Structures are given as C-alpha cells and as structure tokens.
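These notes are about the structure you will find just below.
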Amino acid sequence: MSLPTPLPTITLTNPDAESLVYLNGAHLARWHPTGQNDVLFMSAASNFAAGKAIRGGVPIIFPWFGAREGYPQSPAHGFARTMPWNVINCDKRPDGACALTLELVSSNLTRETWPYDFALRFTIAAEKTLTMTLTVTNTGAVPFRFEEALHTYLAIGDIRNASITGLAGVTYIDKVDGFKRKQQGPEPIVITGETDRVYLATQAECTVNDPVWGRKIVVAKENSDATVVWNPWIAKAKAMGDFGDDEWPGMVCVETCNVADHAVTLEPGKTHAMTARIEVR
Ligand code: TA6
C-alpha cells in the first residue's frame, strides 16, 4: 500500500524490510519485511496533515493515555503524536541496518499544556525484526508523572479468525464495560465485539495468531508493565471519521505501554526507556 506523503517523511530501506516514518509525531507508518504482507495497519481514511493524528502504524502516546483526567479540552493520547519531531541521527549498526533516532523536546508550546521539561527520543530499527525504543528524559528541576504507549496497529487477515496469547490470567481494565477490572481466562483471547482492554502488571510477550494470512506476529517488550488490546469493531469503526467502516476486521492494536496503575514518575535528570520488539513468525 503506498502512503501519501504530503508531510516530511523518511524511507528506510534494507535487504530485509522497507519502512516509512513521518516526522509528524515521529510516526512509523509502514514496516514491510521482505516477502511479507505489511505488518502495520494503516487506514485508507487516515489524515496525513500537520498537527493531526495518523490512523495506523505506531502512534507515540505521551504524556497521557486516552482522555486526560481533569482536562476535558485536552486531546486524547497527549501531544507527542501530533507534533513535528527532529531527526537526530541514522546510525549504521554492526549488522548493517540503520537505526533512526528522532527527538521531541519541551517548548513554550508544550509547557502551556503540560508544565514540565522533557526530552523524548524515539529510535527505530526496522529489519526482519522491528525494534522501537521510546526514551523519556526529565530535563527539568521537578519530578513529573507520565503515561506512554507505542500504540501499534497490526495488520491481520481477519480479526474474527485471529487470537491473542500471552495474557492468560492477567488482570485488565475493561474500557467497554465501565472500566471494570476483570481477570483474563486461561484461553487465548478472541475478539467478538468492540474490545478495549488495558492489561496490567504484565511484561509478557504477546502473539497475534492470524490463520487467514498464515502468520503469527510476536510483540515482545522491555520496561513496559501494561499492554492494551483494541479493536473498534463495527459501530466504533463507523464513528471514526479517519477509519473506514469496513476496516475493523483487518487490524488489531497490541500496545506496549506504561499507563493507568503503571504511569511512570521520573525524577529530574533521570531517563526511562521502553522498548517494543515485533517480528513475524
Ligand atoms: O488504545 C485504545 C484506545 O485508547 C481506544 O480507546 C481508542 O480511543 C483508540 O485508543 C484510538 O484513540 P484515538 O485518540 O487515536 O482515536
């Protein structure tokens, strides 16, 4: 699928994969391992405009997740995904692949919304495996508490035939049932309706089993204590203007994050790094 590029973009190409990153939000929009279907879902109805969220790929969520408590006028999922990031470098790694690093630092604009000083760095190495690391540094003089997520949209053949393993027995917040806390059973997760769950106290690797496309997508992580699983299903898909009414069967979000009970408090001068590692088996 070719993506429109009205915004500044960077294409990463190596023998194992091709990827596309928008500087708007440091948004990895495409990761296409050689010989595979695209692994990241992208809505055909997505916006690609400065200051607007992109509906697919890997939105970077910071410094709050979902609605901002006490600030109804704040945009959902923070401001990092809609701001322009700067390219810091593209390091050739020992294995020959390129690791691209982008940065977003606090400014008068961000301080108007969130009164802290920070530096975010996002590093992507997109080859046979996709490795993404989001690093948060407190560059100010006071501690701050933040939520973060790599809100990864995975492309699958059909959600109605897919299942997700790795979260058996884990407690989750069910956002489509009054934010009640429930416990996941031992069986693989199957999606039969709008599903929006924040799994807590889990560092587990998750596997999306996709029999329609005959593949498994494995999402491993470091320094992340929560995982979100989301599919909008029929009604929510229709309600989203930047998401096709018929696109919900072709995607599932498995999000690597620190949110809710696992928001991070960072002391001045300290750094926190969260990594997601995705591969197709
Ligand atoms: O991560 C799942 C979620 O929080 C859902 O509740 C849904 O709102 C989704 O994110 C998309 O959020 P967005 O702000 O991009 O429309």
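Sequential numbering from 1 along the given sequence is applied to the chain's residues. The structure displayed is predicted, hence computed values, not measured ones. Both ligands and their constituent atoms are indexed starting at 1 by order of listing.
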Between W114 and Y71, ring centroids under 6.0 Å: no

Give a yes or no on whether the ring-centroid distance for F243 and W248 is below 6.0 angstrom. no

Please state which protein non-hydrogen atom is closest to [atom] and give its distance, to 0.1 Å?
atom	result
atom 5 (C) of ligand 1	D196 OD2, 3.2 Å
atom 3 (C) of ligand 1	H77 NE2, 3.8 Å
atom 4 (O) of ligand 1	K175 NZ, 3.1 Å

Identified side-chain hydrogen bond (donor to acceptor under 3.5 Å, both in side chains) partner of [X] from the options [options]:
X	options	value
D174	K180, R197, R181, K182	K182
K216	D210, N209, T165	N209
K221	T256, T275, T227	T227

Where's the contact between R55 and ligand 1, heavy-atom distance under 4.0 Å: side chain, backbone, both or neither? side chain

Using a 4.0 Å heavy-atom cut-off, say whether E194 meets ligand 1 through its side chain, its backbone, both or neither. neither

Hey, is ligand 1 close enough to W230 that some N/O pair sits below 3.5 Å? no

H151-ligand 1 polar pair, N/O distance under 3.5 Å: yes

Which ligand 1 atoms, with their elements, are less than 4.0 angstrom from a heavy-atom of [X]?
X	value
V228	1 (O)
K236	7 (C), 8 (O)
E255	1 (O), 2 (C)
R81	13 (P), 14 (O), 15 (O)

If only atom types and distance count, is the side chain of Q203 paired as donor or acceptor with the main-chain N or O of E222 below 3.5 Å? no

Does a salt bridge link D117 with R111, judged by any charged N lying under 4.0 Å from a carboxylate O? yes

Quick one: does R197 get a heavy atom under 4.0 Å from ligand 1? no

How are the rings of Y199 and Y172 set to each other: parallel, tilted or perpendicular (split at 30° and 60°)? tilted

